[in-house]
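Everything quoted here is computed from the prediction, not taken from an experiment.
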Amino acid sequence: MYNEQYRPQLHFSPKENWMNDPNGLVYYKGEYHLFYQYHPHSMVWGPMHWGHAVSKDLLHWEELPIALYPDELGQIFSGSAVIDQHNTSGLKTSDEDVMVAIFTHHGEDNEKQSIAYSNDRGRTWVKYDGNPVIANPGEKDFRDPKVFWHEESQKWVMSLASGNCIRFYGSPNLIDWEHLSAFGSEHGAHGGVWECPDLIPLPVEGEVQQKWVLIVSINPGGPNGGSVVQYFVGEFNGVEFICDDAKDVVKWADFGRDFYAAVTWSNLPEPIWIGWMSNWQYAREVPSAPFRSAMSIPRKLGLLRVDGELRLVQNPIDLSPLYKEALLSDETLTLRTSESYQLKLDVRQLFAKANVLESTASEFVISFKGEQEQLEIVFDKIGKEVRIDRRNSGQVSFSEKFASVDTMPLAVLEDFTFILDKTSVELFVNGGIRVMTEIFFPLESPFTLEYKAVDGEVRLGNAAIYQLESTWK
Ligand code: FRU
């Protein structure tokens, strides 16, 4: 079980069949719930259900029975879940707090918002008999409700993707919703349809103020093609989101091609999100079996002022419970053109990090190399960018969109962290202000991890590399 050729060992994937967006992320009584867009009858997208998994630590997951099935109102598209602690909905029937899922019913001709509730910690679900709770106003794309309790205005607030903007709705009870405002038709990137919003408060690191961050997935239109997540920083006054930045400012959460539909867990004191680790450009063709797609590593979120601009900061949750062997523990490494650092490995499950103490090299390169194939991460000091080159990373021909060299702007490399799993690498740079997530499908098993300097020297401090245990044990 869970040991197929392309089965991620550190990331959640369903036992079998198709998965896309994370849905209904909510924490309750020691359990992190992860629902997800799921097609239980096929390896490609089809009539959508909500699959379900739970975890006590966000690392080890247990798949549970399907939570929501399509019905006469339509398929079950993306949405969120909340704990209705004060029973504002009146749907509580047991000693447990009632968990309420708010999702899109995707009918043949329209999309509308509905709810379902569970009184047994998410194990069984009842759809509300007055569905839908928000009818379609005449919009083709009208979906992916994400709900939170807004303390200041004492109501539930829903963000909803509606064509080329995000609409906000308010409700006292999760059932009766009032339209509040719309944001974004003139802001940010519009290369594709807006999907999967999330609105969260985040403190600015080292400052007293808190800002509101509006997260919006967009497909296509990413900087490297296809699906991508953008975000806006501003204020939310209970009615409107007011963006701090000029209309043409675009902020990408992750420059890689495989981080989409990311949203945060509800009912947690600290913001943590997770994304779908694929891209609509080729998700249906990736060569894994008997399942398609995995989620990212859950990531902690923050906001940091960098050169006067507020940036989202992402860092992986603590992976130390999975440390198996330290291959390198907090050492200093000097890399010269003639002298690279190499580690031969059999298992592709690593957590690595280092600070850059000094660099005279034009490029610093991290690669995962087989006899015939390799994935390369190039930090190009002169071009001021990071490139992930997966053109020769193994199986690439399943889609003409897949083989690529993807880039991310970066002035100076200060530190890096990466998580390597069977079919993915997640790269966090400079304390997490720049992130890239990419999947790949190597043909060979043993590989060499190499750190190398081009035209000069790179000195790394606190360089650590840990082999990680599989989370499926
Ligand atoms: C995003 C998305 C959502 C939709 C779901 C359908 O990937 O297109 O907008 O609810 O997938 O599976």
Side-chain angles (χ1 to χ4, degrees), residues 21-38 40 47-55 62-107 111-136 142-151 154-161 168-178 196-199 263-268 274:
D21 313 358
N23 295 152
L25 304 179
V26 65
Y27 179 79
Y28 181 63
K29 288 199 177 163
E31 286 181 328
Y32 295 88
H33 292 264
L34 164 63
F35 299 89
Y36 45 87
Q37 288 289 279
Y38 188 49
M48 282 290 110
H49 299 56
W50 272 25
H52 189 194
V54 288
S55 172
E62 181 194 350
E63 192 170 324
L64 296 180
I66 289 173
L68 296 172
Y69 287 81
D71 57 37
E72 63 289 350
L73 290 177
Q75 307 180 36
I76 315 298
F77 269 23
S78 286
S80 51
V82 295
I83 302 301
D84 184 10
Q85 208 187 338
H86 300 296
N87 194 23
T88 62
S89 62
L91 297 170
K92 178 179 158 97
T93 59
S94 79
D95 291 345
E96 300 289 348
D97 288 341
V98 58
M99 195 181 276
V100 179
I102 309 96
F103 59 89
T104 298
H105 255 131
H106 176 92
E111 296 185 330
K112 56 248 162 198
Q113 318 319 317
S114 291
I115 63 175
Y117 53 97
S118 168
N119 278 286
D120 57 1
R121 299 159 51 241
R123 279 10 186 221
T124 60
W125 289 85
V126 180
K127 288 184 190 128
Y128 175 61
D129 59 14
N131 279 339
V133 295
I134 302 182
N136 188 292
F142 188 66
R143 59 176 177 267
D144 308 340
K146 179 77 163 84
V147 174
F148 69 100
W149 176 255
H150 187 245
E151 194 56 39
Q154 290 291 302
K155 63 175 181 292
W156 298 101
V157 170
M158 175 195 294
S159 314
L160 189 72
F168 300 103
Y169 292 81
S171 172
N173 56 11
L174 297 163
I175 293 169
D176 303 301
W177 292 93
E178 171 199 10
C196 301
D198 195 356
L199 180 62
V263 282
T264 59
W265 259 276
S266 177
N267 204 32
L268 275 189
I274 195 168

Would you please indicate yes or no on a ring centroid separation below 6.0 angstrom for Trp125 and Phe103? no
Closest heavy-atom pair and its distance - Asn267, Ile83: ND2-CG1, 3.5 Å
Heavy-atom side-chain proximity of Phe148 to Met158 below 4.5 angstrom: no
Pairwise side-chain contact, Leu91 with Tyr128, heavy-atom cut-off 4.5 Å (strictly under): yes
For the CD atom of Glu111 and the CG atom of Asn136, what is their distance to the nearest 0.5 Å? 7.5 Å
Please check if the side chain of Asp84 supplies one atom and the backbone of Asp97 the other of a donor-acceptor pair under 3.5 Å. no
With no hydrogens and no angle check, is any side-chain donor or acceptor of Lys146 less than 3.5 Å from a backbone partner on Thr264? yes
List the steps and the verdict of side chain to side chain contact (heavy atoms under 4.5 Å, CB included) for His106 and Met48. CA-CA 9 Å; His106 176 92; Met48 282 290 110; over 6 Å; no
Heavy-atom pair of closest approach, residues Val157 and Trp177: C-CZ3, 4.3 Å
Within the side chain of Thr104, is there an N or O that forms a donor-acceptor pair under 3.5 Å with the backbone of Phe77? no
Heavy-atom side-chain proximity of Tyr38 to Asn23 below 4.5 angstrom: no
Test side chain to side chain contact (heavy atoms under 4.5 Å, CB included) applied to Lys112 and Leu73, step by step: CA-CA 9 Å; Lys112 56 248 162 198; Leu73 290 177; 4.3 Å; yes
Any side-chain heavy-atom pair from Arg123 and Val54 closer than 4.5 angstrom? yes
Taking all atoms of both residues into account, what is the closest heavy-atom pair of His52 and His33, and its distance? NE2-ND1, 2.9 Å
Under the side-chain hydrogen bond (donor to acceptor under 3.5 Å, both in side chains) rule, collect the residues that match up with Ser80, sequence neighbours excluded. none
For the backbone of Asp176 and the side chain of Ser171, can you confirm whether one donor and one acceptor N or O come within less than 3.5 Å of each other? yes
Mind checking whether Tyr32 and Tyr27 have parallel, tilted or perpendicular rings, split at 30° and 60°? tilted
Over all heavy atoms of both residues, which pair between Ala116 and Leu68 is shortest? Give the atoms and the distance, please. CB-CD2, 3.8 Å
Heavy-atom distance under 4.5 Å between the side chains of Pro172 and Thr88, does that happen here? no
Apply side-chain hydrogen bond (donor to acceptor under 3.5 Å, both in side chains) to Gln113 and Tyr169, showing your working. CA-CA 11 Å; Gln113 318 319 317; Tyr169 292 81; over 6 Å; no
Distance-minimising heavy-atom pair for Cys196 and Asp21: SG-OD2, 3.3 Å
Tell me, do Val82 and Met99 make a side-chain contact under 4.5 Å, heavy atoms counted? no
Is there side-chain contact between His49 and Pro70, with at least one heavy-atom pair below 4.5 Å? yes
How many angstroms lie between atom CD1 of Ile76 and atom OH of Tyr69, to the nearest 0.5 angstrom? 11.5 Å
Would you call Val98 and Asn87 a side-chain contact if the rule is heavy atoms closer than 4.5 Å? yes
Show the nearest heavy-atom pair for residues Pro22 and Leu34, with the distance to one decimal. CB-CD1, 3.9 Å
Salt-bridge present (Glu96, Lys29; N to O < 4.0 Å): yes
Give, for atom CG of Asp129 and atom CD1 of Ile115, the distance between the pair rounded to the nearest 0.5 Å. 9.5 Å
Quick one: CD1 on Ile175 to CD1 on Ile134, what's the gap to the nearest 0.5 Å? 12.0 Å
Sorted by chain and residue number, the salt bridge (charged side-chain N to carboxylate O under 4.0 Å, His left out) partners of Asp71 (sequence neighbours excluded) come out as Lys127
Ser78 and Arg143: side chain to side chain contact (heavy atoms under 4.5 Å, CB included), yes or no, with the steps? CA-CA 7 Å; Ser78 286; Arg143 59 176 177 267; over 6 Å; no
Does Leu199 form a side chain to side chain contact (heavy atoms under 4.5 Å, CB included) with Phe168? I'd like the steps, not just the answer. CA-CA 10 Å; Leu199 180 62; Phe168 300 103; 3.8 Å; yes
